[in-house]
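Everything below concerns the one structure shown next.
Labels below follow one simple rule: chain letters A, B, ... track the order of the sequence lines, proteins then strands, and each chain is numbered from 1.
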Protein chains: 4
Amino acid sequence: MSDQENILDFILKDEDNVTEKQKKIIAAAIEAFSEKGFAATSTSEIAKKAGVAEGTIFRHYKTKKDLLLKLLSPMVSKLIAPIVLKDFNKVLDAEHHSFEEFLRAVVKNRMEFLQKNDALFKILIQEIPFHQDLREIFIDQIASKVFKRLNEIMDFYKEKGEILDIPSMSAVRLAITSIFGYFIARHLILPDIHWDDEAEIERTIQFILAGLAPKS
Amino acid sequence: MSDQENILDFILKDEDNVTEKQKKIIAAAIEAFSEKGFAATSTSEIAKKAGVAEGTIFRHYKTKKDLLLKLLSPMVSKLIAPIVLKDFNKVLDAEHHSFEEFLRAVVKNRMEFLQKNDALFKILIQEIPFHQDLREIFIDQIASKVFKRLNEIMDFYKEKGEILDIPSMSAVRLAITSIFGYFIARHLILPDIHWDDEAEIERTIQFILAGLAPKS
Amino acid sequence: MSDQENILDFILKDEDNVTEKQKKIIAAAIEAFSEKGFAATSTSEIAKKAGVAEGTIFRHYKTKKDLLLKLLSPMVSKLIAPIVLKDFNKVLDAEHHSFEEFLRAVVKNRMEFLQKNDALFKILIQEIPFHQDLREIFIDQIASKVFKRLNEIMDFYKEKGEILDIPSMSAVRLAITSIFGYFIARHLILPDIHWDDEAEIERTIQFILAGLAPKS
Amino acid sequence: MSDQENILDFILKDEDNVTEKQKKIIAAAIEAFSEKGFAATSTSEIAKKAGVAEGTIFRHYKTKKDLLLKLLSPMVSKLIAPIVLKDFNKVLDAEHHSFEEFLRAVVKNRMEFLQKNDALFKILIQEIPFHQDLREIFIDQIASKVFKRLNEIMDFYKEKGEILDIPSMSAVRLAITSIFGYFIARHLILPDIHWDDEAEIERTIQFILAGLAPKS
DNA sequence: CATGAATGAGCATTCATTCAT
DNA sequence: CATGAATGAATGCTCATTCAT
């Protein structure tokens with residue numbers, strides 16, 4: 001479940017002969033897109049920020065949109081990576097893992113990931129509503145991999161009587177929107193006000209636990 | 001707690017001598033901004049959609065940004081309006097109002113409002129991260145009016161022992177992100193997949209109720 | 001040789017039913033044109049400055065260019081008016097009038113006029129190079145009236161041996177460019193530096209006198 | 001005191017990698033600005049005249065105003081260049097140089113320059129009244145360099161008894177306005193009528209000489 | 001007579017993209 | 001592989017002018 005490797009390297013790893021300039025372009029694009037939005041960022045701005053010529057961007061990325069997708073596709077897979085990993089199944093084997101332990105582990109892990117890659121996540125959230133193709137990539141990954149896996153896990157805990165007997169799909173949805181809803185409120189909608197992250201995350205976990213606890 | 005009047009009229013009601021063209025511009029702008037985003041929508045596009053000359057837009061709205069703010073400011077106040085209304089306090093007087101009844105009433109009311117004004121809400125959510133001034137309007141209204149009022153109500157139910165003894169602020173936050181998180185997931189991130197709105201909303205209410213229920 | 005009446009009234013006197021608004025438009029146009037130039041001044045700016053609606057300007061002046069011409073035509077005739085006046089001939093009759101007296105009288109009179117109407121004169125000088133029709137009006141008035149008259153006068157003084165025996169035309173030209181050259185340098189090219197008007201004008205007169213004095 | 005080199009090259013010489021297109025833009029801008037005035041000339045007009053795309057103008061000159069200043073700054077320095085040159089002082093050493101010889105040399109030289117660069121000079125004169133920054137450049141160069149030098153020279157001739165004992169500053173002003181006054185009248189105000197340039201310039205020199213001659 | 005909403009051509013400027021070097 | 005000059009369509013906005021009220 002680790003994300004040791006830098007996402008920037010990950011973004012670039014599919015491409016061969018990655019030059020220093022390319023890294024700078026990616027870094028500059030992430031910064032610019034997250035600050036001003038994709039549509040409001042010009043390629044010349046990115047070029048300047050990256051310290052490369054305008055043409056250099058288009059040597060590596062056919063269009064501005066291509067640059068966006070090249071950034072976000074890895075973000076999507078990284079975002080859901082740990083849940084998809086094979087060893088994630090161990091959770092189910094290990095009898096001693098309670099739902100609470102599981103939830104804590106996942107939340108902690110994904111929160112850290114989001115905090116480390118907040119710019120990229122912001123771009124993803126911002127652009128998803130406007131790009132059908134992006135949404136398709138996203139749904140594809142989520143639907144086929146994440147939900148299936150999480151549903152299994154939820155079923156597992158439901159059977160064990162640790163969580164409420166509602167459709168796993170709904171349980172997953174409620175948990176996820178609680179977590180991401182926090183992130184969106186905190187980083188996108190109200191970034192200017194003070195947040196006690198640790199306390200809020202702990203309360204969110206408690207909230208999910210109680211919300212999904214079986215009726216006594 | 002009603003929103004009978006159309007928000008389009010509400011947007012225009014501060015201005016005098018509202019012409020037919022103005023209404024068309026507002027309607028076209030809402031449609032265009034919500035479909036393509038503010039930055040990716042051109043004023044000529046809005047003009048065409050509204051069936052007016054491009055210059056006409058700028059006669060009524062000094063800049064494109066001004067048009068955005070003129071759209072969203074009323075949206076913000078409408079969004080929080082029922083919570084701010086005087087008769088909202090009656091909730092507290094009425095002994096027979098349980099927290100559940102209160103929550104249901106609010107959720108139902110605000111959900112209906114969002115569903116009726118989903119385009120405007122989408123614009124608001126999309127643009128808030130990129131416009132400091134918009135965020136200031138939002139924070140100002142939320143902080144000064146909504147949170148204060150909701151905190152009082154939460155305190156009331158906390159005293160009555162109907163909800164968990166956590167900071168009212170956090171309780172409010174958890175409830176709100178659950179509700180809006182649902183809306184964002186459903187309309188912005190994954191609008192293409194099927195959602196059973198009624199069931200999901202009911203489960204969200206149950207989830208909040210359980211999540212905030214006092215520990216037995 | 002007096003210009004008692006206000007040039008603003010003079011500009012308007014050809015038109016009938018002159019309204020208060022019209023006066024304001026003229027005054028606003030003079031101010032705006034002289035500050036920013038004709039091409040760089042918008043009609044809406046003039047309307048705002050005059051406190052009238054945009055349409056009102058076009059009720060009185062068919063086009064922006066028309067407004068300019070309606071301003072400048074009277075300026076041209078006023079500028080040359082005293083020289084054209086019938087009683088200007090008295091100069092010639094009055095034996096006791098020396099060339100110096102004559103020059104002093106004309107310079108003093110025209111300088112005062114320019115100082116009182118510097119904005120209009122500035123507009124005239126600025127726009128003449130770009131408007132053929134304006135130049136035609138100007139040449140027409142100058143050529144047919146002023147030069148003819150001044151040539152007569154110069155001839156008169158030449159015969160009296162008070163000035164140099166060069167073509168009257170050239171003598172007139174030299175005197176006029178000295179005077180207007182001073183005005184242009186002082187008001188248009190270098191308005192920001194300090195000028196001792198009285199001393200400079202006196203020296204200019206002396207300069208012209210000496211420059212045109214017959215060789216002893 | 002020579003201006004052999006083309007001013008167009010001089011305008012461009014500060015910039016490196018001057019392309020053919022840039023030269024065309026400059027030439028087109030000079031032509032267009034002098035014909036219609038800065039404000040009344042559109043960048044698309046310049047582009048068309050230069051045979052380049054409109055965007056090309058803005059690659060080399062940030063704004064239209066920038067283009068104007070890039071044109072006029074060299075004009076200002078070129079205009080005053082010979083007077084600033086070191087070998088200009090030789091005038092003072094050469095005992096045999098009379099004031100008349102000096103005046104003739106300067107007038108001839110500057111007249112030729114103006115005639116060769118009449119378009120640029122016209123632009124300078126036209127735009128100076130409307131651009132504070134342009135005026136500052138002008139004053140700066142004139143005040144610090146030209147007037148100082150010319151005053152010295154005037155003092156020199158005053159001491160030699162060749163010219164009138166009036167403030168050198170005024171003497172300089174009278175001579176300059178006579179010369180430029182001629183140019184403005186001839187090229188800007190009355191370009192349509194016939195002028196015998198050679199004769200007028202000779203008379204202007206005689207006029208200045210007589211006007212500044214010491215009283216016998 | 002005066003208004004100001006409406007127009008659509010035109011404006012200066014920016015854009016993503018191409019391509020010769 | 002990288003450059004940056006060049007492009008021309010598109011952008012947000014202003015313009016002079018018209019006309020119904």
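Salt-bridge formation is not detected for the pair D:K48/D:E54: no Lys NZ or Arg NE/NH1/NH2 atom is positioned less than 4.0 Å from an Asp or Glu carboxylate oxygen. Ion pairing between a basic and an acidic side chain is recognised when a charged N comes within 4.0 Å of a carboxylate O; A:R135 and A:E127 show no such pairing. Taking a cutoff of 4.0 Å between a charged side-chain nitrogen and a carboxylate oxygen, B:E31 and B:K36 do not qualify as a salt bridge. Electrostatic pairing of A:K70 and A:D66 counts as a salt bridge here, judged by a charged N lying under 4.0 Å from a carboxylate O.
With B:E35 contributing its side chain and B:A32 its backbone, the two residues share no donor-acceptor pair below 3.5 Å. Using modelled atom types, one side-chain atom of C:T41 and one backbone atom of C:G37 make a donor-acceptor pair closer than 3.5 Å. For C:K64 (side chain) and C:F38 (main-chain N/O), a donor-acceptor pair under 3.5 Å exists by modelled atom type. Between the side chain of B:S73 and the main chain of B:L69, a donor-acceptor pair closer than 3.5 Å is present.
As rounded to whole Å, 12 Å separates atom P of E:dA6 from atom NZ of B:K23. For B:I25 and F:dC13, the CD1 to P distance is 14 Å, given to the nearest whole Å. Whole-Å rounding puts the C:K24 NZ to E:dT3 C1' distance at 15 Å. Whole-Å rounding puts the B:I57 CD1 to F:dG12 P distance at 9 Å. One atom, NZ of B:K48, and another, P of E:dT7, lie 15 Å apart when rounded to the nearest Å. To the nearest angstrom, C1' of F:dA16 lies 12 Å from CZ of C:F33. For the pair A:Q22 CD and F:dA2 C1', the computed distance is 12 Å after rounding to whole Å. As a whole-Å value, the separation of B:Y61 OH from E:dA6 P is 11 Å.
Between C:E20 and B:K21, it is C:E20 whose nearest contact on DNA chain E lies nearer the 5' terminus.
Within 6.0 Å of NZ on D:K65 lie more than 12 heavy atoms contributed by other residues, nucleotides or ligands.
For the OP1/OP2 pair of F:dA5 and a distance below 4.0 Å, the side-chain nitrogens and oxygens of D:T56 include no atom meeting the criterion. Side-chain nitrogen and oxygen atoms of C:H60 include at least one within less than 4.0 Å of the OP1 or OP2 phosphate oxygen of E:dA2.
Stem analysis of DNA chain E (at least three stacked-register Watson-Crick or G-U pairs, each with both distances under 3.5 Å) gives E:2-21 with F:2-21.
For A:A53, counting side-chain heavy atoms from C-beta on, the closest listed nucleotide (E:dG8, F:dT3, E:dA5) is F:dT3.
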Nucleotide-resolved protein contact map, nucleotides 9-19 of chain E, B/S/- at heavy-atom distance under 4.0 Å: --SBBBSBBB-
